[in-house]
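First listed ligand is number 1; within each ligand, the first listed atom is number 1. Numbers here simply count residues along the sequence, with the first being 1.
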Amino acid sequence: MNIPFLPEQLEWPGLPQKNISADILRLDRLHPVISGNKWFKLKGHLQQALQSPGHPVITFGGAWSNHLIATAYAARRQGLSAVGIVRGERPPVLSATLMGAAACGMQLEFVPRREYAKKEEPGFLRRLTDRFPGAYIIPEGGAGLIGIKGSEDILRLTDTNKYTHILCAVGTGTTLMGLIRAAGPGQVVIGIPVLKGFDEWTAVDPHGFLTMEQKTSARLLPGYHFGGYARHPPELLDFMNRWYRETGVPSDIVYTGKLFFSVWDSVRKHLFPAHSRLLVIHSGGLQGNLSLPPGILDF
Ligand SMILES: *Cc1c(COP(=O)(O)O)cnc(C)c1O
């Protein structure tokens, strides 16, 4: 995939601290569906899956999952069939995300939540591969080493050495760990967890993909989950509209809205040293805003 853009200066007239600068890497512009960080986490998996063409890829997600629809679209483009295991009972009306995934030809299978929670257990996976022999299974969210390695390429899109701080939203932490592994010496990578209780390295990196040194040089910045995953109180929605008016940058309610809030709040509190040069990763995900009734967001 060609990436015809560079980090842009964040046009932020109200930037509360004048002696720092902030650029934004608009991965949301990569592609309308395979948006943001998802392509980076998927590309290695798709390469592997293409080794056994004719077999489906299977992955997992909720009704508004950016990962699920990105996989559906990317698989179709590569000529692979795809099965999506969806958390929860089939609703009477499919979400826009699921309709989009189905329109790409993804076969959707609805799994009750209690069952879905077991999706990484050997028994669950065996039942899947019994039904879809030779299938290639992509972990939920594209998590794991292949996704981490793919995410390292985000910092190789362009020369990112000049930045002192790199900031991203944290779901599974896959993107964050890729950025940390690819960052140069002295660069501080800061992850903003959007899940409650995901503020410790033991939670983000239970498999030890990062060295102690990498964990020490990076930061998890807690306190910006707004009540938990996908929670979006009015305070967040108001901020997202204000941020859009001030900077022209749209955000999503699950990840980037919380990321941008944390950037705004940290700058306002002068948490970055003078002359810091921030790189904020816009990881995409705007399609998820369709879960809101119309008229709430100004974009
Ligand atoms: C999936 C997603 C993330 C989280 O990425 P992880 O690698 O799972 O931490 C962040 N932002 C957006 C917009 C996403 O869709």
Side-chain angles (χ1 to χ4, degrees), residues 24-45 59-74 87 95 97 100-101 138-155 166-182 189-196 198-201 203-207 209-210 218-222 224-226 228-230 232 236 240 243 249-263 280-291 297:
I24 184 160
L25 186 61
R26 294 286 305 266
L27 298 182
D28 58 313
R29 292 197 172 140
L30 196 61
H31 187 276
V33 182
I34 315 175
S35 153
N37 56 352
K38 295 299 182 278
W39 168 248
F40 293 90
K41 297 199 283 181
L42 277 171
K43 59 196 175 95
H45 285 293
T59 198
F60 311 87
W64 296 100
S65 166
N66 297 323
H67 166 73
L68 204 65
I69 191 165
T71 305
Y73 196 97
R87 184 183 62 232
S95 68
T97 305
I138 303 176
E140 184 178 39
L145 191 56
I146 293 179
I148 292 174
K149 288 194 167 153
S151 302
E152 293 173 10
D153 291 339
I154 293 173
L155 289 189
I166 298 163
L167 298 105
C168 75
V170 176
T172 63
T174 309
T175 307
L176 172 71
M177 290 192 270
L179 296 174
I180 292 172
R181 286 160 51 117
V189 182
I190 303 174
I192 287 71
V194 302
L195 284 90
K196 210 194 290 200
F198 211 62
D199 299 340
E200 305 285 343
W201 288 114
V204 175
D205 184 23
H207 304 296
F209 292 121
L210 297 180
R219 301 267 176 282
L220 290 168
L221 188 58
Y224 294 105
H225 58 62
F226 283 85
Y229 186 71
H232 49 275
L236 177 66
M240 288 166 59
W243 179 258
V249 178
S251 53
D252 79 289
I253 56 175
V254 180
Y255 298 100
T256 53
K258 297 176 184 183
L259 167 67
F260 299 152
F261 186 95
S262 79
V263 172
V280 184
I281 310 291
H282 194 316
S283 40
L286 299 174
Q287 67 90 27
N289 288 343
L290 292 172
S291 67
L297 295 175

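- Minimum heavy-atom separation, D252 to G284: OD1-O, 3.5 Å.
- A centroid separation of 6.0 Å or more is found between the aromatic rings of H225 and F198.
- Atoms OG and CG, from S35 and L30 in turn, are 7.5 Å apart once rounded to the nearest 0.5 Å.
- Distances below 4.0 Å separate heavy atoms of V170 from the following atoms of ligand 1: 9 (O).
- A heavy-atom separation below 4.0 Å is not found between G141 and ligand 1.
- Counting heavy atoms only, N37 comes closest to atom 3 (C) of ligand 1 of the residues L179, N37, T172.
- Closest non-hydrogen pair, G142 versus I138, comes out as CA-CG2, 4.2 Å.
- Some N or O of G171 is nearer than 3.5 Å to an N or O of ligand 1, by distance alone.
- Across T97, L42, T172, a single residue satisfies side chain to side chain contact (heavy atoms under 4.5 Å, CB included) together with H67, and that is L42.
- Ring centers of H282 and F260: under 6.0 Å apart, within the cut-off.
- At least one heavy atom of G284 sits less than 4.0 Å from an atom of ligand 1.
- Close approach to N66 involves these atoms of ligand 1, each under 4.0 Å from a residue heavy atom: 14 (C), 15 (O).
- Taking the six-membered ring wherever Trp is involved, the centroid distance between the rings of F261 and F226 falls below 6.0 Å.
- Ligand 1 lies out of reach of M177, whose nearest heavy atom is not under 4.0 Å from it.
- For ligand 1, the atoms sitting less than 4.0 Å from at least one non-hydrogen atom of K41 are 5 (O), 6 (P), 7 (O), 8 (O), numbered in the order shown with element in parentheses.
- Ranking protein heavy atoms by distance to atom 11 (N) of ligand 1, first place goes to S283 OG, 2.7 Å.
- The protein non-hydrogen atom at the shortest distance from atom 1 (C) of ligand 1 is K38 NZ, 1.6 Å.
- The protein non-hydrogen atom at the shortest distance from atom 7 (O) of ligand 1 is T175 OG1, 2.6 Å.
- Side chain of K258 to main chain of Y224: no donor-acceptor pair is present (N/O by atom type, distance under 3.5 Å, no hydrogens or angles).
- Residue-ligand proximity, G285 to ligand 1, at heavy-atom distances under 4.0 Å covers atoms 13 (C).
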